[in-house]
Amino acid sequence: MPYFAQAAVDSATIHFDKLYTYLVPEPLAEAVHPGSLVLVPFGRGNHPRMAVVLECTQQPEVPPRTKTVLDAAPDEARLTPDLLRLVYLLKERAFCTYYEAVKAIIPYGAQYRMAQSEDGTPRLQSQMERATENWYIAENAPEEAVRLGPKQKLALQMLQRHSMSETALETAGIHRAVLKGLLEKALIRQEKRWKAIDLYSEIPLQPEQIALTEEQQAAYEALMPAIEQGRGAAALLHGVTGSGKTLVFFKLIEQVLARGKTVMVLVPEISLTPQMILRLKKNFGKRVAVQHSALNHTERLLQWKMIQQGCVDIVVGTRSAVFTPLKNLGLIIMDEEQEHTYRSESSPRYDAHEIARWRAAYSNALVLFASATPSVESYYAAKTGRYQLVQMHRRYGGNPLPAVKLVDMRAELMRGNAGEISVELAQELQKNLLQGEQSILLLNRRGYRTVCACQDCGHVIKCQSCSVPMVYHKAQGHLMCHYCGKTLPLPSRCPQCGGTLRYTGFGTQKAEEELERLLPKARILRMDQDSTMAKNSHEKMLAAFAAGEYDILLGTQMVAKGLDFAKVSLVGVLGIDNLLFGQGFRAYENVFSLLTQVVGRGGRAELPGRALIQTTNPEHPVLQMAATQNYEAFFAQEIAFRKACLYPPFCAVCMVGFVGTNEASVVQAARQFSAILAQKAAKVPGVPLRVLGPAPYSVVMVNNKFRYKLTIKCRNDKAFRALIGAVIEEYGNQGLASKARVAVDMNSDGER
Ligand code: ADP
Ligand code: ZN
C-alpha cells in the first residue's frame, strides 16, 4: 500500500507552518519514519527543501498531484520519540515553526542540507563532512606473495594488531603514501569513521573523597527518594553561597550512575562556570560530555554523537543542552536556576525550566533546580508544594557570610571625592593588598566612559543605527555601540554645534585607571567582554587569579558568579544603581541575586569575608535586604508586589514583539494585532487577559529596525495559546507580516 509522510518544511513562517503530505517512494520506505529528516520538492517551482517528517500514514490510493520525497537522511539523524515530542511542545508553547524546533534540538553539525548529486538530482548531505576520518584495517590476505618495503611491513604489523586512524598512524611516522601502497595491494582497507576527540583530556581523573556535612547529608537524603522511586519529580535546592551545593550534586550523581541512569547538568553560561566541567571531569572522567556554544561545530557534533551513541553518562552544558539525546535520564540539575540565560531570546523562545520539567516527567527522572537566590517563580512553586523544597543555611566550614556595608556615594561626593571609588573602599583594598589577600570588584558596565555629550548644546552622541549613546573605549581610542558593535573615531567637537564634548558615566576601563592611580602597587586584572575576546581567555585569567598573580579582579557580571577562590576576602560593588531602575518585573530579583552572588564570592575558605556596596540609594529596600542577605525577607516583599500588581507567578506575561524598518508601519501592525486579538478574544469566554501597548522597547531602534511590543498578561493555558495561534495566522493572512515581523515570547521580563 502506498506510504505517505506528513512533513513540515524549513524556512516556513509562523503564520504559515503546516504539514504537507508526500509520497514515500519504494526505495526510501525503510528510511522514512516519524522524526526523519527528508528533502522534499516545495512550492510552485518544486524547489528542494529540508523537512521533518512528523507522521506517516498508509492509504490505498495516491491522490492526484501528490509530490514525492526526494531523499531521506540516514536513521542516525532521526529524532528519537522523546525529541520528536519536544518538537510539538516547542511549536505549541514557544510559537516557533516545526523546523525551527528541529534546528534547536539537533546541533548544526548533525543537521542535513541539500546538495547536488553527480547526475544533478538533489540529495541530502550532512552539514559536516569533516567530522569523519580515515581508519585503516588489516585484511586477512596472504602476504607472502607480495614484496613490501620496511615501512609498509611495519605499518601492516601495527594494523594487524588493531585498526588505527590516519592521525594515529601519522603520529607513528606512517605516511599516506605507505598506506596507499598497502591499499593497492589489498592488504588493508580504508573506512571512514567518526572522529573521536576527548575534549578537556588534559584533566586527570582524580575522584574527590566526598564526606558530606550534616546539613549536606540531610539535603542529599531528602532528595534520594525521588531518585530511588524513579517517578518523575521536581525539587528546589536552596542553599546559601558556599553551602556546598556542588557536593550534594556529586553525591546524587554517583547514586544515579550506580543505578545505570544518566545525568544532565545545566549551567547558565559555560565561561562563568569553568569549575563545573573541571570538577565533573575529575570525578567522573571520560564519560562526561559537554554541549555549549563556545565549542566549534565539529567539537559540538562529536560530543553530541558520543551522547547519541550512548557512550556518555553525564552531559554538562548550557541552555540548549536541555535537548541532549541522553537516554535513560535519571537526574537533571539546573544550577543557578534564576539566571536569565535559561530563557531563549530568539526563536524558539523557550524556557529551559519548562523543557527540563517535561523531560524529567517523560523519563521519570528528578529535575533539581538549585540556587542561593532562586527565582521568585521557582521559590513560590516550592513554597506551594509544586517542587520539593530542600534548604541549606550554613556555609561549609562554618564560615559566616561576608559582612556587607552600603557606602553612600552622595556623602562621598559632598566630602569632595568625585571619583568612583569611595575612600572607604580604597582603604579596604589597601588593607587587603598589605595582607596579601585578594579582592573582587564588580562594575556592570564595560568601556571607559559610557556617555559622550556636548557641554554647550547637550547633544548626546548616539549610534546612527541604534537609539543608544555610543560608549568611549579608551584603549581602542574610539566610540562604540554596545548594541550593534559599530564604531566611530573619537570626535573632537560636537557634530551639531561645534561645542566642547564631555564624557560622563563610568565603565570598567575607567575603573581600572582609577584603581591604578589609587593603588599603584596593586596588580589588577580586568575581565569584561573586551578583555576576554580570545578563546579560553576566561579560563586563563581565572587560573592566573587563582594562582595569586593578581591582587584585584575587576569586571562585569562575569566576576560575580560561580567563582570559588580561597584568598578572596573583600568584595566591592562599584555600580549597581542603574540595574535597580532597570526594565522588567524581574529587575529587583536580578539585583538581589547579583549582589548575593558577588558578595558570596568572598570569605569562602579560612579568611572571613567583607563586602562594600557603593550606591546613591542606600535606603533602597532591595539593597538593604541584599546587604543582610535575607532571601526570605526579599521573597516576602517581592511576592507581595507580584500579587498586588499581577505579575508571574500570578499570571503569565506574553510579550508580542514587532520589528520592521518603517516606524509608523510597525506601530500600525502592532495596533492591528491588538485589534484582531480583541475581536477573537471576545468570541471565546474564559480566557482572561489584559493587553498593554503597543509601546516602544526601551531601545526603540537597533540596527536600523524599529521595535514595538504588546504586553499581554494572561493565563498560559491551551485556550490562550490557541487564541494567540489564531491571531498570528490572521495577522499573516492580512499581509501584516510585511510591515513588521512578529514574535511571541512567553518568558520575557515584560515591564515593571
Ligand atoms: P555553593 O555552590 O553552594 O556556593 P560550593 O559547592 O562551591 O558551594 O562549595 C563551597 C566550597 O566549600 C567549595 O570550595 C567546596 O569544595 C567546599 N566544600 C563544601 N562542602 C564540602 C565538603 N563536604 N567537604 C569538603 N569541601 C567542601
Ligand atoms: Zn548601534
Side-chain angles (χ1 to χ4, degrees), residues 206-221 236-254 265 267-268 272-280 282-283 333-339 368-374 390-402 447 452 460-471 473 478-488 542 546 560-568 571 593 596-607 609 629 631 697 699-707:
Q206 271 174 357
E208 297 168 56
Q209 289 305 322
I210 306 177
L212 296 185
T213 64
E214 224 171 274
E215 201 180 36
Q216 291 166 353
Q217 182 71 23
Y220 159 76
E221 281 171 13
L236 174 67
L237 177 59
H238 173 217
V240 299
T241 56
S243 56
K245 293 184 284 296
T246 326
L247 281 287
V248 177
F249 298 162
F250 284 10
K251 267 285 186 202
L252 293 171
I253 292 174
E254 252 175 41
V265 181
V267 294
L272 303 185
T273 36
Q275 286 158 325
M276 187 61 97
I277 294 182
L278 183 81
R279 289 181 76 176
L280 281 170
K282 270 190 175 168
N283 280 284
I333 293 170
M334 187 184 274
D335 197 16
E336 303 291 357
E337 67 86 28
Q338 80 287 359
E339 290 289 337
L368 179 62
F369 302 107
S371 175
T373 52
V390 177
Q391 295 183 292
M392 297 199 292
H393 303 283
R394 285 183 291 278
R395 286 195 139 188
Y396 174 69
N399 303 325
L401 285 168
C452 170
V460 173
I461 300 203
K462 290 192 170 172
C463 175
Q464 282 177 337
S465 311
C466 312
S467 42
V468 288
M470 301 283 273
V471 176
H473 284 242
H478 61 208
L479 297 176
M480 181 177 165
C481 169
H482 283 185
Y483 276 75
C484 71
K486 277 201 190 74
T487 57
L488 260 187
L542 294 176
K561 306 184 174 178
L563 307 179
D564 187 15
F565 299 118
K567 296 213 91 178
V568 174
V571 168
S593 156
T596 307
Q597 288 188 56
V598 69
V599 165
R601 294 313 106 210
R604 292 172 75 85
E606 271 93 64
L607 301 170
Q629 297 168 74
Y631 178 81
Y697 276 72
V699 175
V700 63
M701 181 176 75
V702 171
N703 260 326
N704 295 310
K705 295 233 166 70
F706 294 89
R707 314 182 313 158

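We count ligands from 1, going down the list as the structure has it; atoms in each ligand are counted the same way.
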Identity and separation of the nearest protein heavy atom to atom 2 (O) of ligand 1: T246 OG1, 3.5 Å

What is the closest protein heavy atom to atom 7 (O) of ligand 1, and at what distance does it sit? R604 NH2, 3.1 Å

Got more than 12 heavy atoms from elsewhere within 6.0 Å of CD, Q217? yes

Could you check atom 12 (O) of ligand 1 against the protein and tell me its nearest heavy-atom contact, residue, atom and distance included? Y396 CD2, 3.5 Å

Please confirm whether V240 approaches ligand 1 to less than 4.0 Å, judged on its heavy atoms. yes

With heavy-atom distances below 4.0 Å as the criterion, list the atoms of ligand 1 near A211. 22 (C), 23 (N), 24 (N)

Would L212 count as a polar contact of ligand 1, with the cut-off being nitrogen or oxygen pairs under 3.5 Å? no

Return the closest protein heavy atom for atom 20 (N) of ligand 1 as residue, atom name and distance. Q216 NE2, 2.8 Å

Are any of the N/O atoms on T241, whether in the backbone or the side chain, positioned under 3.5 angstrom from an N/O atom of ligand 1? no

State, to the nearest 10 degrees, the angle whose vertex is the Zn ion (ligand 2) and whose arms point to SG of C484 and SG of C466. 110°

Residue, atom and distance of the protein heavy atom nearest atom 11 (C) of ligand 1 read D564 OD2, 3.7 Å

Is it the case that more than 12 heavy atoms not belonging to E606 sit under 6.0 Å from its CD atom? no

Applying a strict 4.0 Å limit to heavy atoms, is Q597 in contact with ligand 1? no

So which protein heavy atom does atom 9 (O) of ligand 1 come closest to, and at what separation? G244 CA, 3.5 Å

Regarding ligand 1, does G242 bring an N or O atom to under 3.5 Å of one of the ligand's N or O atoms? yes

What's the SG-the Zn ion (ligand 2)-SG angle here (C481, C463), rounded to 10 degrees? 110°

If you count every heavy atom of other residues, nucleotides or ligands that lies below 6.0 Å from Q206 atom CD, does the total exceed 12? yes

In the protein, what heavy atom is nearest to atom 15 (C) of ligand 1, and what distance, to one decimal place, separates them? L247 CD2, 4.0 Å

Nearest-neighbour protein heavy atom for atom 16 (O) of ligand 1, which is reported as residue plus atom name and distance: R279 NH2, 3.5 Å

F250 meets the ring-ring contact (aromatic ring centres under 6.0 Å, His included) criterion, sequence neighbours left out, with F284

